[in-house]
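Here is how names work: the chains are called A, B, and so on, in the same order as the sequence lines, proteins then strands, and each is numbered from 1. Values below: all heavy atoms of this structure, side chains included; hydrogens, waters and symmetry mates excluded.
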Amino acid sequence: MRASLMNLVTLREDPADAEIASHRLLLRAGYLHKSGSGLYLYGPLMHRVITKVQAIVAEEISRTGALQITMPILQEQALWEKSGRWAAYQATRTMLTVKDRNDQVFGLAPTAEEVVTDYAAAVVKSYRQLPVTFFQQHTKFRDEIRPRFGLMRVKEFIMMDAYSFHASDESLAETYAAMRVAYTRAFRRMGLEAFAVEADAGAIGGTGSHEFMVAADVGEDAILFCAESGYAANVERATGRIAAAPGWNAPAAPQVVATPNVGTIADVIGFLNRNGFADATAAHALKCVLFVAKTVPSATKQAGADVSVAAFVRGDREVNEVKLLNSVNRHLGAQGPVLSLRPMHPEEVRAATGAEPGFAGPGDGLKVAVVIIDQTLKDAGALIAGANRTDHHVVGVQLPRDLPADRTVVWDDLTTIRAGDGCPLSGQPLAERRGIEVGHVFKLGTKYSAPMHAEFTGQDSKLHPFIMGCYGIGSSRVAAAAVEQHNDADGIRWPMAIAPYQVVVVPAGKPGDAATTTAAEGIYQALLASGIEALLDDRDAKPGVKFKDWDLVGIPLRIVCGRGLATGEVEFKPRGGESANVPVGEAAARAIVLVRAALAVV
RNA sequence: CGGGGCGUAGCUCAGCUUGGCUAGAGCGUUGCGUUCGGGACGCAGAGGUCGCAGGUUCAAAUCCUGUCGCCCCGACCA
């Protein structure tokens with residue numbers, strides 16, 4: 001491509017509303033045009049990048065034996081009713097919907113489990129056809145609460161989504177493992193440092209899942225990991241060993257203590273330290289967080305309802321709301337599902353505890369539907385709890401000894417694990433880093449096939465629901481993540497495999513100078529003839545302008561035909577690397593070798 | 001949805017507090033000339049319903065009310 005024909009428009013200044021590197025650079029270099037909040041137009045350069053990402057992803061997913069298809073974006077409400085997810089997605093308002101002229105409602109594909117399960121049920125009738133995996137790369141829509149960070153979180157994006165169907169858990173495990181290998185290969189080919197972490201399954205559901213993260217400081221997810229055991233998990237899901245609180249001089253039996261005007265844990269401990277309990281710390285307190293869980297209409301229960309929940313963790317720790325939500329759902333079972341939790345308003349706290357906020361405890365006076373206590377607090381020794389009475393706490397509470405006789409308690413893991421806690425496998429301190437979620441794999445089991453009656457005939461001549469897995473890669477997000485990992489002060493540094501063009505040839509003499517023009521044109525034509533994706537910067541611009549532009553755009557290799565021609569040489573300048581002089585006659589051949597080496601599948 | 005901020009030229013911004021001439025600058029862009037290895041220079045030009053609607057006023061980018069949109073922090077997710 002000749003630069004004079006490619007409508008290259010670069011900005012000298014950063015767009016005001018771009019915060020992170022990928023957003024800023026992709027806008028500045030002309031890859032993206034913002035069409036609306038969370039909506040982007042992919043310019044000619046971006047289109048090439050996305051196409052390459054999709055090709056590599058498709059190649060690696062296909063390598064597992066998966067079959068590429070294309071599913072409709074408009075999804076009938078009735079199909080989602082069959083799986084029971086319509087109400088859930090409406091309640092969380094994740095799905096955008098449209099109506100046709102007959103007022104029939106359609107969802108705009110946020111994902112495609114229902115559609116593909118319906119398809120599999122129609123075309124897969126026997127265990128002899130299993131396992132089978134279908135995938136597509138298509139536009140997805142999410143009614144994001146807050147689009148953010150350019151391509152990172154948008155309302156409309158391109159996703160590779162794959163769905164596997166199995167006759168057994170063992171078969172699912174094989175494909176799940178093969179997909180993880182495919183992901184790893186795909187990300188490595190695209191020059192991304194990505195790693196798998198244990199994850200919460202969220203609204204997709206199922207029995208297990210891993211996320212693929214690209215390490216980046218601007219990532220929206222926190223990852224805890226252990227170098228020794230290899231353990232890595234999203235903080236939403238991470239478990240760990242929490243060091244026990246040190247012993248302290250606590251009363252043997254619960255003792256009510258007046259704690260006037262000290263509602264927060266820090267204040268309560270400070271007050272007690274000054275009033276007879278000098279060695280009490282926040283780790284000896286019982287933190288109570290009160291929530292309202294909102295259930296959604298389901299097959300067994302037409303109307304949604306509010307369920308009050310009290311969650312207890314150690315005073316120096318935080319409640320993990322994802323763990324709590326999962327725990328509430330396990331406990332409520334058929335009364336669920338619960339899709340969201342919100343903290344109680346002050347008046348609700350007063351109704352639930354009979355006290356001002358800040359004095360809630362597990363003892364008498366707490367009136368909530370569900371009480372969940374972090375399992376580490378069982379037999380944890382003496383604790384300081386709210387007394388459910390304004391300005392009073394109870395010191396020396398022991399669990400479960402001092403719980404009211406009629407109190408039903410769920411013991412579960414509710415604590416947010418943090419760096420420094422012990423690895424659940426090795427016990428070594430966990431470290432933390434941030435990541436961008438670029439892929440996710442789920443073991444779905446029969447979550448969709450059972451309610452949708454998607455069944456096959458087994459070897460036993462009986463009908464069985466498919467055992468399923470599903471797998472997603474955010475193709476457009478991958479491109480943004482690549483920029484996050486590969487940029488510098490001058491612009492983007494694309495990995496060769498996903499760069500919009502591989503080489504740019506820059507004539508750097510006076511415009512129209514015969515020697516530079518001839519040399520550049522010759523190299524350019526030789527590269528094209530060998531299938532290299534080459535650019536020729538034939539614009540009437542000064543060399544400095546050209547250099548700045550190609551650094552910003554991020555072309556991996558620049559060949560400059562300029563003053564070196566006097567001695568028969570051109571300059572090779574890898575983006576971000578050292579320049580070297582190369583004889584004109586060898587330039588094309590050496591560039592071809594460089595590009596092919598960088599693209600070689602490892 | 002709660003909290004914070006912003007809407008003035010294609011981009012980045014000034015002007016608004018304290019209303020008043022024809023609404024400005026830099027970059028970009030068009031024409032001509034000079035220049036040509038890291039975002040050159042001179043001259044000439046184009047480009048604006050100051051987000052939108054209403055109000056106050058002799059007079060509104062500026063003050064008031066409403067409204068729409070965008071960005072950032074939290075809950076959602078590839």
> What pairs of nitrogen or oxygen atoms, one from the protein and one from nucleotides 32-34 of chain B, lie under 3.5 Å apart?
none

> Identify the residue among A/Tyr183, A/Tyr176, A/Tyr471 that makes a side-chain hydrogen bond (donor to acceptor under 3.5 Å, both in side chains) with A/His210.
A/Tyr176

> So for atom CD, which belongs to A/Gln68, do other residues, nucleotides or ligands contribute more than 12 heavy atoms lying within a distance under 6.0 Å?
yes

> From the set B/C77, B/G38, B/C71, return the single nucleotide nearest to any side-chain atom of A/Asp551.
B/G38

> Just compare B/G39, B/C73, B/C77 and give me whichever is closest to any side-chain atom of A/Arg146.
B/C73

> Scan nucleotides 4-16 of chain B nucleotide by nucleotide, 5' to 3', and note B when protein non-hydrogen atoms come under 4.0 Å of the base, S if they reach only the sugar-phosphate, - if neither.
-------BSS---

> What's the gap between B/G69 and B/U22 when it is taken at their C1' atoms, as a whole Å value?
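Their C1' atoms lie roughly 31 Å apart.
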
> Of the nucleotides B/C76, B/A78, B/G37, which has the atom closest to the A/Glu220 side chain?
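Shortest atom-to-atom distance from the side chain points to B/C76.
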
> If you check every side-chain atom of A/Glu571, which of B/G37, B/C72, B/G39 has the closest atom?
B/G37

> Out of B/C72, B/G37, B/G39, which has the shortest distance to the side chain of A/Thr10?
B/G39

> Determine whether a donor-acceptor pair (one donor, one acceptor, N or O, separation below 3.5 Å) exists between the side chain of A/Asp490 and the base of B/G38.
no

> Need one value for A/Arg342: base, sugar-phosphate or nothing, where a base atom within 4.0 Å counts as base even if backbone is also close, heavy atoms only.
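Contact class for A/Arg342: none.
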
> Give the nucleotide from the list B/G38, B/A78, B/C72 with an atom nearest to the side chain of A/Glu19.
B/C72

> Classify the side chain of A/Arg153 versus the base of B/C77 as yes if they form a donor-acceptor pair under 3.5 Å and no if they do not.
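Checked by distance alone, the answer is yes.
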
> Among residues 538-547 of chain A, which ones have heavy-atom contacts with RNA chain B below 4.0 Å?
A/Lys542, A/Pro543, A/Gly544, A/Val545, A/Phe547

> Show me the donor-acceptor pairs within less than 3.5 Å that the side chains of residues 34-46 of chain A make with the rest of the protein, sequence neighbours left out.
residue	atom	partner	partner atom	Å
A/Lys34	NZ	A/Asp17	OD2	3.2
A/Tyr40	OH	A/His23	NE2	2.9

> For atom CZ of A/Arg93, is the number of surrounding heavy atoms from other residues, nucleotides or ligands below 6.0 Å larger than 12?
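No, because the 6.0 Å sphere around CZ of A/Arg93 holds 12 heavy atoms or fewer from other groups.
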
> Please pick, from B/A78, B/C36, B/G39, the nucleotide with the shortest atom-to-atom distance to any side-chain atom of A/Lys510.
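My answer, after comparing the listed nucleotides, is B/C36.
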
> State, with a plain yes or no, whether a side-chain heavy atom of A/Asp413 is found less than 4.5 Å away from one of A/Thr239.
yes

> With pairs defined as Watson-Crick or G-U wobble and both distances under 3.5 angstrom, please note down RNA chain B as a dot-bracket string, | for pairing with another strand.
(((((((..((((......[...)))).((((((.....)))))).....(((((..]....))))))))))))....

> Just to be sure I understand the geometry, which residues of residues 33-51 of chain A put a non-hydrogen atom under 4.0 Å away from RNA chain B?
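Correct list: A/Lys34, A/Ser37.
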
